[in-house]
Amino acid sequence: MKLKVIPAPEFDLAMTLDSGQVFHWRRVGGGFVGTIGNEPIYIEQGEAGEPLRFAGGATELIRDYFALDHSLSSICASFPKDAVMEEARDFCRGLRIIRQPKWICLASFITSSMKQVAHIRQMSEALRRRFGNRREICGHETHTFPGAARVALASEAELRDCALGYRAKNLLATARRVSSSQADLEKWADLPDAELRALLCGLPGVGAKVANCVMLFAYERLQAFPIDVWIARVLKQRYFPRKRKMTERAMREFAQGYFGEHGGYAQQYLFHHARKTSRMKK
DNA sequence: CTCCAGGGATGAT
DNA sequence: ATCATCCATGGA
């Protein structure tokens, strides 16, 4: 199969797919196999910044999904100038916040609660294999993520079989709201941040952290700043080492004011840097 | 306010 | 090889 090529300066495919924002891409040889919506995709990149070579989707789909139009240089220039941020920025060169389909992103992050990245990947895989559609690309098998309507037809027990645990109930309840258009995810794209956040938080299984992830990764609200344990650790240890206790509220207010209009990007860089460097520590 | 639910990878012993 | 720890939401 002949691969299509698009230039991708300031982009690191492997790092982006391994940064905890998307959970289903699988490494095969020199590239990755996955789906963008219902399209099966194979994609590879030599070194970071080199052109992408891909099969399975339109060029415009790839460009949009991987947000190749984001100007990383101006985004990074908007970050605060401090040692912690600069370290993360250098470490995460080429990491982009991608544009994910809304339902898939929402469903993935509902399953993410109290789970680590490796587990979330397993649940995504199980849901896809069980309820999604099988696709083939460049001789590799992959599965689409089931739509809200399909998940809504599943039983809680079936979802539990996919290792969702207590999250099964929340995913099912949210799938029913989304598929009945009681929650119109596409329409919510027009709302201002605060209203969008409030509606997302009204869905079963969605709290402040998950809502911010969905805003950042599916609604392109680049200011949304999800605070998970990793980020809380960075804020406490590196930005406020003298403070005895940092409340959730204090962290939220600091982050909102300090990291600026691309706070979500700053968050993603701090998160990825913290995860990867702590892992190598040994 | 506290406690707890599911569970597999990861790290410590 | 066993044991403890990681994790975010919502309900009791």
Pair A:Ser278, A:Arg233: side-chain N/O donor-acceptor within cut-off below 3.5 Å: no

Rounded off to whole Å, could you give me the CD1-to-P distance for the A:Ile110 and B:dG6 pair? 19 Å

Given A:Phe23, which of A:Phe109, A:Phe217, A:Phe145 fulfils the ring pair (Phe, Tyr, Trp, His ring centres under 6.0 Å) condition? A:Phe109

Quick one: what's the B/S/- string for nucleotides 5-12 of chain C, heavy-atom cutoff under 4.0 Å, read 5' to 3'? -BBBSS--

Between C1' of B:dA5 and CZ of A:Arg160, the distance in whole Å: 9 Å

Counting only Watson-Crick pairs (N1-N3 plus N6-O4 or O6-N4) and G-U wobbles (N1-O2, O6-N3), all under 3.5 Å, who is the partner of C:dC3? B:dG11

In the strands shown, is C:dG11 matched to any nucleotide by a Watson-Crick or G-U wobble pair with both distances under 3.5 Å, and which? B:dC3

Take atom CD in A:Gln256; do more than 12 heavy atoms of anything else shown fall under 6.0 Å from it? no

d(CG, A:Leu171; C1', B:dA5) in whole Å: 17 Å

With A:His70 as partner, the option from A:Glu10, A:His262, A:Arg96 fulfilling side-chain contact (heavy atoms from CB on, under 4.5 Å) is A:Arg96

Aromatic ring centroids of A:Phe259 and A:Tyr239 under 6.0 Å? yes

Applying salt bridge (charged side-chain N to carboxylate O under 4.0 Å, His left out) to A:Asp161 and not counting sequence neighbours gives A:Arg130

